[in-house]
Amino acid sequence: MADFFAFQWHILDDCDQRCKHCYIFSEENDKELISMGYEDMQRVLDNCLEFCRKTKRAPYFSITGGDPILHPDFWRLLELLHEKNIHYSILGNPFHITDEVAERLKELSCRQYQMSLDGLRDTHDYFRKPGSFDITLEKIKILNDAGVRPSIMTTVSKTNIDEIPDLIDVVVENNAGLFSFARYCPTSLEKAVQMTPEEYKNLLEKVWEKYRQYKDSKTFFTLKDHLWTLFLYEKGLYTIPQNLKDDVIYDGCNCGNSHLTILPSGDVFACRRMDSKVGNAINESVYDIFMGKNMDEYRQFEKFEKCSRCELLRFCRGCPAVSYGTTHNMYSKDPQCWKEI
């Protein structure tokens, strides 16, 4: 089985929420909302599949937006992915999930539908909109009943850090299929919500205990944040493998390695969480983009100011996007990394 290559594909910008930490709307910048036409979607899909053939990788698509279900050709795209037997999941909102929609997703081989819970009820509804916390919990059951795995993603910041352990209780009680979290990438208006390294390490300690408590539950927990590697390394639960090949990156941030983001305009980003345009998938070869000099900027690991001096360089590297959001320099030290170098 070939290794997977992940494409996060934003097929439109439009959404019926205006979440406070959304990349599209958080700056209130009057951004023109773009939707990719179906012919361009076909072109982009073929382009990505050609890249995977050349690199001997198996494609995995995360279809998102905006809210992807609002795209007029949403179902046509899913039918195309289903016909080609391509693995994919949906990153969307709960508001348009019905029994019929969930059953249709199952018929078209949707492996997972990801929704967000960004804190307990009052905090989540503050970030998103009133009522959305309870609606999200309701839709977990609908997706489960249809046989589509409901996934819950949380964006962690200083605003909601104290609620994450209790949120895990809620997620498990409601039988979410998967739970993960990532740190907030600050915008120019939101740097005040940054956590200190000590606060974040303490969170990981509490969350790790919750994961152990619920290890036999129906919820699977992913260690999405790369600082989990450092956390487990210091606890003696992660060991650097022996007999490694020189200059090979084995784990950590997938930027420049096994991930690309495609926006509704066709623009390709090395990472959606920072300003990282490297090409356009409508009028350029994805293979040429990934192998090109623009992408090489994200593979110059010796430039990482702190990580390049750490024995975990090839396994962690923190989150360059969080570093970029803080300093506009992705090579700067991860603001939540507590390791002394």
Side-chain angles (χ1 to χ4, degrees), residues 1-16 34-116 136 139-153 175-178 180 220 222 254 258-266 268 272 281-282 285-287 290:
M1 178 67 180
D3 291 335
F4 277 104
F5 191 96
F7 298 94
Q8 187 181 75
W9 190 0
H10 298 251
I11 59 175
L12 83 171
D13 288 327
D14 196 18
C15 181
D16 46 14
I34 300 172
S35 180
M36 184 178 288
Y38 185 67
E39 289 185 1
D40 282 339
M41 288 198 291
Q42 290 177 301
R43 186 176 296 111
V44 167
L45 178 59
D46 289 342
N47 200 348
C48 293
L49 297 182
E50 177 64 16
F51 163 80
C52 288
R53 281 190 289 269
K54 288 183 175 181
T55 56
K56 295 181 172 57
R57 309 291 283 274
Y60 190 98
F61 287 89
S62 296
I63 307 300
T64 187
D67 188 349
I69 205 167
L70 297 178
H71 194 291
D73 293 310
F74 172 74
W75 294 110
R76 288 181 74 188
L77 176 60
L78 266 54
E79 288 166 359
L80 187 59
L81 294 170
H82 175 67
E83 290 168 7
K84 293 179 178 291
N85 197 29
I86 295 171
H87 292 180
Y88 72 93
S89 60
I90 306 296
L91 316 183
N93 292 330
F95 305 109
H96 305 290
I97 297 295
T98 63
D99 291 333
E100 293 74 21
V101 166
E103 290 166 6
R104 182 67 174 142
L105 290 171
K106 177 62 176 178
E107 290 173 2
L108 294 176
S109 306
C110 177
R111 301 171 72 85
Q112 179 172 284
Y113 193 99
Q114 177 180 297
M115 302 175 289
S116 295
T136 299
K139 300 312 168 73
I140 290 175
K141 183 178 188 308
I142 288 176
L143 290 164
N144 268 327
D145 289 347
V148 177
R149 182 165 77 165
S151 168
I152 295 298
M153 175 68 182
N175 295 319
L178 182 146
S180 61
F220 179 77
T222 65
N254 288 324
S258 58
H259 170 85
L260 285 172
T261 294
I262 301 168
L263 301 188
S265 61
V268 177
R272 181 64 184 94
I282 295 174
S285 159
V286 172
Y287 180 87
F290 189 75

Dump the intermediate steps for side-chain contact (heavy atoms from CB on, under 4.5 Å) on Leu108 and Trp75, then the final yes or no. CA-CA 9 Å; Leu108 294 176; Trp75 294 110; 3.7 Å; yes

Thr136 meets the side chain to side chain contact (heavy atoms under 4.5 Å, CB included) criterion, sequence neighbours left out, with Pro94, Met115, Leu117, His124, Ile152

List the atom pairs, donor and acceptor, that lie under 3.5 Å between side-chain atoms in residues 35-46 and the rest of the protein, sequence neighbours left out.
from  : atom 1 : to    : atom 2 : distance (Å)
Ser35 : OG     : His71 : NE2    : 3.2
Asp40 : OD1    : Arg43 : NH1    : 2.3

Could you work out, with side chain to side chain donor-acceptor pair (under 3.5 Å) as the rule, every residue matching Ser285, not counting sequence neighbours? none

Apply side chain to side chain donor-acceptor pair (under 3.5 Å) to Asp67 and list each qualifying residue two or more places apart in sequence or on a separate chain. Asn93

Measure across Val148 and Cys110 and return the closest heavy-atom pair with its distance rounded to 0.1 Å. CG1-O, 4.1 Å

Pro59 meets the side chain to side chain contact (heavy atoms under 4.5 Å, CB included) criterion, sequence neighbours left out, with Phe7, Leu49, Cys52, Phe61, Ile86

Sequence-distant partners of Tyr113, ring pair (Phe, Tyr, Trp, His ring centres under 6.0 Å), two or more places apart: none

Determine, step by step, whether Leu178 and Met153 satisfy the side-chain contact (heavy atoms from CB on, under 4.5 Å) criterion, reporting the C-alpha distance in whole Å, the side-chain angles of both residues, the deciding distance to 0.1 Å, and the verdict. CA-CA 8 Å; Leu178 182 146; Met153 175 68 182; over 6 Å; no

For the atom pair CG (Leu12) and CD1 (Ile69), what is the distance rounded to the nearest 0.5 Å? 11.0 Å

Closest heavy-atom contact between Ala281 and Val286? CB-CG2, 4.0 Å

What pairs of residues pass the salt bridge (Lys or Arg N to Asp or Glu O under 4.0 Å) test when at least one of them lies in residues 71-92, not counting sequence neighbours? Asp73-Arg76, Glu79-Arg104

Straight-line distance of Ile34 CD1 to Ile11 CD1, nearest 0.5 Å: 14.0 Å

Where the side chain of Asp99 meets the backbone of Ile142, is there a donor-acceptor pair that is under 3.5 Å apart? no

Is it the case that Gln112 and Arg149 place a side-chain donor and acceptor less than 3.5 Å from each other? yes

Between His10 and Thr64, a side-chain donor and acceptor under 3.5 Å: no

Evaluate the side-chain proximity of Phe4 to His87: yes if any heavy-atom separation is below 4.5 Å, no if none is. yes

Could you go step by step and tell me if Leu78 and Phe74 meet the side-chain contact (heavy atoms from CB on, under 4.5 Å) rule? CA-CA 6 Å; Leu78 266 54; Phe74 172 74; 3.6 Å; yes

Would you name the heavy atoms of Ile282 and Ser265 that are closest together and state the gap between them? CD1-O, 3.5 Å

Close side-chain approach of Thr55 to Phe51, heavy-atom, < 4.5 Å: yes

Got a sec, which residues hit salt bridge (charged side-chain N to carboxylate O under 4.0 Å, His left out) with Asp145, two or more places apart in sequence or on another chain? Lys141

Not counting sequence neighbours, which residues clear salt bridge (charged side-chain N to carboxylate O under 4.0 Å, His left out) with Lys106? List them please. none

Interatomic spacing from OG in Ser62 to CZ in Arg111 - rounded to 0.5 Å: 11.5 Å

Note, Leu105 side chain near Ile97 side chain (heavy atom, < 4.5 Å): yes

What residues form a side chain to side chain contact (heavy atoms under 4.5 Å, CB included) with Asn254, not counting sequence neighbours? Asn257, Ser258, His259

Between Phe5 and Tyr60, is the ring centroid distance below 6.0 Å? no

Output for pair (Glu103 CD, Thr98 OG1), nearest 0.5 Å, gives 8.0 Å

Residues at least two apart in sequence or cross-chain that pass ring pair (Phe, Tyr, Trp, His ring centres under 6.0 Å) with Tyr88, listed by chain then number, are none

Sorted by chain and residue number, the side chain to side chain donor-acceptor pair (under 3.5 Å) partners of Gln114 (sequence neighbours excluded) come out as none

Is it true that a side-chain atom of Asp13 and a backbone atom of Gly66 form a donor plus acceptor pair closer than 3.5 Å? no

Do Lys56 and Asp3 make a side-chain contact, defined as non-hydrogen atoms from C-beta onward lying under 4.5 Å apart? no

What are the two closest non-hydrogen atoms of Ala102 and Leu143, and how far apart are they? CB-CD2, 4.2 Å

